[in-house]
Number of protein chains: 2
Amino acid sequence: MEEQAVIRALGALAQETRLRILRYLVTMGPAGAAAGDISQEVGASASRTSFHLSTLADAGLINATRASRSIIYRVDFDAMGGMIGYLVRDCCKSDPRVTTCC
Amino acid sequence: MEEQAVIRALGALAQETRLRILRYLVTMGPAGAAAGDISQEVGASASRTSFHLSTLADAGLINATRASRSIIYRVDFDAMGGMIGYLVRDCCKSDPRVTTCC
DNA sequence: CTCCTATTTCAACTTTTGTTGAAATATAAT
DNA sequence: ATTATATTTCAACAAAAGTTGAAATAGGAG
C-alpha cells in the first residue's frame with residue numbers, strides 16, 4: 001500500500017463512529033451488515049451513517065454489495081492488513097517494540 | 001491503549017507531513033532529531049513543523065526533550081505498538097489476513 | 001403503476017484542522 | 001548586557017471534515 005492510500009485509511013479510522021462501524025463489521029465477518037443495521041448498531045442517523053460508510057469505502061477499508069433493497073458492507077481485511085503492514089514495516093522498520101504487539 | 005487515545009494517534013498520523021516526520025524519527029532511532037533538522041528534512045516552515053510536532057506529541061507518539069537550544073524529538077515505539085496492537089487485536093480480532101502482515 | 005422500505009445525495013451550516021508570518025520565549029556566545 | 005540561534009506561540013485566515021434534515025434514487029410488494 002502506498003503512502004497516500006495509507007493516509008486515507010488512517011484518516012478514515014480516526015473517527016469514533018467510523019471506528020465503531022469497522023469494529024462492528026469485523027464481528028460480523030463475511031456475512032457483513034446492511035447499512036440500516038449498522039446505523040442502528042452505532043446509533044447514528046441514516047445519512048450520517050451513509051456518509052461515514054462512504055468514507056470507509058473510499059479509503060478501501062470496506063466493500064459494498066447490494067442485496068435486494070439493502071446494501072451490505074463488509075470489512076476488507078486485506079486492506080486493513082495492508083495499512084497495518086505499512087505502519088509496522090515501512091514506518092516502524094519492524095521494530096520489536098511494535099511487532100511484539102501483534 | 002483506549003479508543004480515544006487510538007483515535008488521536010490515528011488522526012495524528014493521517015497527514016502527509018506528520019507521517020514523514022514520524023518516518024524520519026524512526027530512522028533516527030534513540031538519537032532522535034532536533035526540531036530544526038526535522039523542519040529541513042520534511043521541507044516545512046519552523047512554525048508549521050512545530051505545530052505538527054505538537055500534534056504528534058499530544059497524541060503520545062513522540063517525546064520531546066530539551067538539549068541546550070535545541071529540542072530533540074524521538075519516536076515512542078511503545079505508543080506506536082499500543083496503537084497498532086489495538087488495531088490488530090481489539091479491532092481486527094487478530095484475523096490472520098491482518099497478523100500475517102507483521 | 002403506486003406504495004413502501006432502504007439507502008444515498010444534497011445544500012446549508014458548524015466545527016475542526018492546517019497554513020502563514022510576525023512576535024515571544026529560551027538558551028548560549030561574545 | 002547584547003546579539004544570535006532554536007523553537008514555540010499567536011492571531012488571522014483558508015481549507016477540510018462532520019452534522020442536519022429534506023429530497024432523490026433504487027428495489028420490491030400489492
Side-chain angles (χ1 to χ4, degrees), chain A residues 3-25 28 31-75 83, chain B residues 3-25 28 31-75 83:
Chain A
E3 182 173 288
Q4 283 308 313
V6 171
I7 287 173
R8 281 165 70 96
L10 289 168
L13 288 183
Q15 210 273 353
E16 197 171 342
T17 303
R18 289 196 296 263
L19 192 55
R20 272 201 299 218
I21 290 174
L22 193 106
R23 280 164 63 94
Y24 177 55
L25 288 180
M28 300 306 281
D37 295 346
I38 298 169
S39 176
Q40 273 221 298
E41 172 71 24
V42 305
S45 73
S47 78
R48 217 172 121 219
T49 304
S50 178
F51 168 74
H52 288 308
L53 286 170
S54 301
T55 304
L56 285 166
D58 288 348
L61 297 175
I62 64 176
N63 304 115
T65 58
R66 181 174 278 280
S68 169
R69 268 182 291 198
S70 298
I71 295 183
I72 307 296
Y73 287 91
R74 294 179 184 81
V75 175
M83 183 196 77
Chain B
E3 182 173 285
Q4 284 307 314
V6 171
I7 288 173
R8 280 165 70 95
L10 289 167
L13 288 184
Q15 210 274 352
E16 197 172 344
T17 303
R18 289 196 296 264
L19 192 55
R20 270 202 299 218
I21 289 174
L22 194 105
R23 279 165 64 94
Y24 177 56
L25 288 180
M28 299 307 282
D37 295 346
I38 297 169
S39 176
Q40 273 221 298
E41 173 71 23
V42 304
S45 73
S47 78
R48 214 171 122 220
T49 304
S50 177
F51 168 75
H52 288 308
L53 286 169
S54 301
T55 304
L56 286 166
D58 288 350
L61 297 175
I62 64 176
N63 304 114
T65 58
R66 182 174 278 278
S68 170
R69 268 180 293 198
S70 298
I71 296 184
I72 307 297
Y73 287 91
R74 294 179 184 82
V75 175
M83 184 196 78

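A note on names: the letters A, B, ... follow the listed sequences, proteins ahead of strands, and every chain is numbered from 1. Values reported hereafter were calculated over all heavy atoms of this structure, with side chains retained and with hydrogens, waters and symmetry mates removed.
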Would you give the length of the straight line joining atom CG of A/L53 to atom OG1 of A/T17, rounded to the nearest 0.5 angstrom?
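Those atoms lie 10.5 Å apart.
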Quick check: does any side chain N or O of B/S50 sit under 3.5 Å from a backbone N or O of B/A46, one acting as donor and the other as acceptor?
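It does not hold such a pair.
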Which of residues 35-49 of chain B have a heavy atom under 4.0 Å from DNA chain D?
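Under 4.0 Å from DNA chain D: B/A35, B/G36, B/A46, B/S47.
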Under 3.5 Å, side chain of A/R66 to main-chain N/O of A/S68, donor-acceptor pair present?
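At least one qualifying donor-acceptor pair exists.
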How many angstroms lie between atom CE of B/M28 and atom CG of B/D37, to the nearest 0.5 angstrom?
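If I round to the nearest 0.5 Å, the distance is 7.0 Å.
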When all nucleic acid strands are considered with a 4.0 Å heavy-atom cut-off, which category describes A/S70: base, sugar-phosphate, or nothing?
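Sugar-phosphate: the residue A/S70, judged by heavy atoms under 4.0 Å, touches backbone atoms but no base.
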Is a donor on one side and an acceptor on the other found under 3.5 Å between the side chain of B/R20 and the backbone of B/E41?
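It does not hold such a pair.
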Look at A/R18 and D/dG18 and indicate whether a side-chain polar atom (N or O) is within less than 4.0 Å of OP1 or OP2.
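Yes, such a contact exists.
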Phosphate-side-chain proximity, A/R66 and C/dT7, N/O vs OP1/OP2 below 4.0 Å
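It does not, given that no N or O in the side chain of A/R66 lies less than 4.0 Å from OP1 or OP2 of C/dT7.
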For A/E3, look at atom CD and say whether over 12 heavy atoms of other residues, nucleotides or ligands are found less than 6.0 Å away.
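It does: A/E3 CD has more than 12 such atoms within range.
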Taking atom C1' of D/dA26 as reference, at what distance in whole Å does atom CD1 of A/I72 sit?
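It is 15 Å, rounded to the nearest whole Å.
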B/R8 side, atom CZ; B/L61 side, atom CG - distance, nearest 0.5 Å
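Atom-to-atom, B/R8:CZ and B/L61:CG are 10.0 Å apart.
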If I take atom CD1 in residue B/I7 and atom C1' in nucleotide D/dG18, what distance separates them, rounded to the nearest angstrom?
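B/I7 atom CD1 is separated from D/dG18 atom C1' by 14 Å.
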Do A/L56 and A/L13 have side-chain heavy atoms sitting under 4.5 Å apart?
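Answer yes - side chains close enough.
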Expected output is a numbered-order residue list: members of residues 51-63 of chain B with a heavy atom under 4.0 Å from any atom of DNA chain D. What is it?
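Heavy-atom cutoff 4.0 Å gives no residues at all.
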Under 4.0 Å between a side-chain N/O of A/Y73 and OP1 or OP2 of C/dT8, yes or no?
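For C/dT8, OP1 or OP2 has a side-chain N or O of A/Y73 closer than 4.0 Å.
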Give the rounded distance in Å between these two atoms: CD of B/E16 and P of D/dA15.
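The distance from CD of B/E16 to P of D/dA15 comes to 17 Å, rounded to the nearest Å.
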Starting at CD of B/Q15 and ending at P of C/dT17, how long is that distance when rounded to a whole Å?
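Rounding to the nearest Å, CD of B/Q15 and P of C/dT17 are 12 Å apart.
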Spell out, as yes or no, whether a donor-acceptor pair under 3.5 Å connects the side chain of A/R18 to the backbone of A/G11.
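Judged by distance alone, yes, a pair lies under 3.5 Å.
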Which residue, A/R69 or A/A14, contacts DNA chain D at a nucleotide closer to its 5' end, judged by nearest heavy atom?
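The 5'-side residue here is A/A14.
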How many whole angstroms separate atom CD1 of A/I21 from atom P of D/dG18?
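After rounding, the gap between these two atoms is 11 Å.
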Within the pair A/S68 and D/dG28, is there a side-chain N or O less than 4.0 Å away from OP1 or OP2?
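Yes, A/S68 has a side-chain N/O under 4.0 Å of OP1/OP2 on D/dG28.
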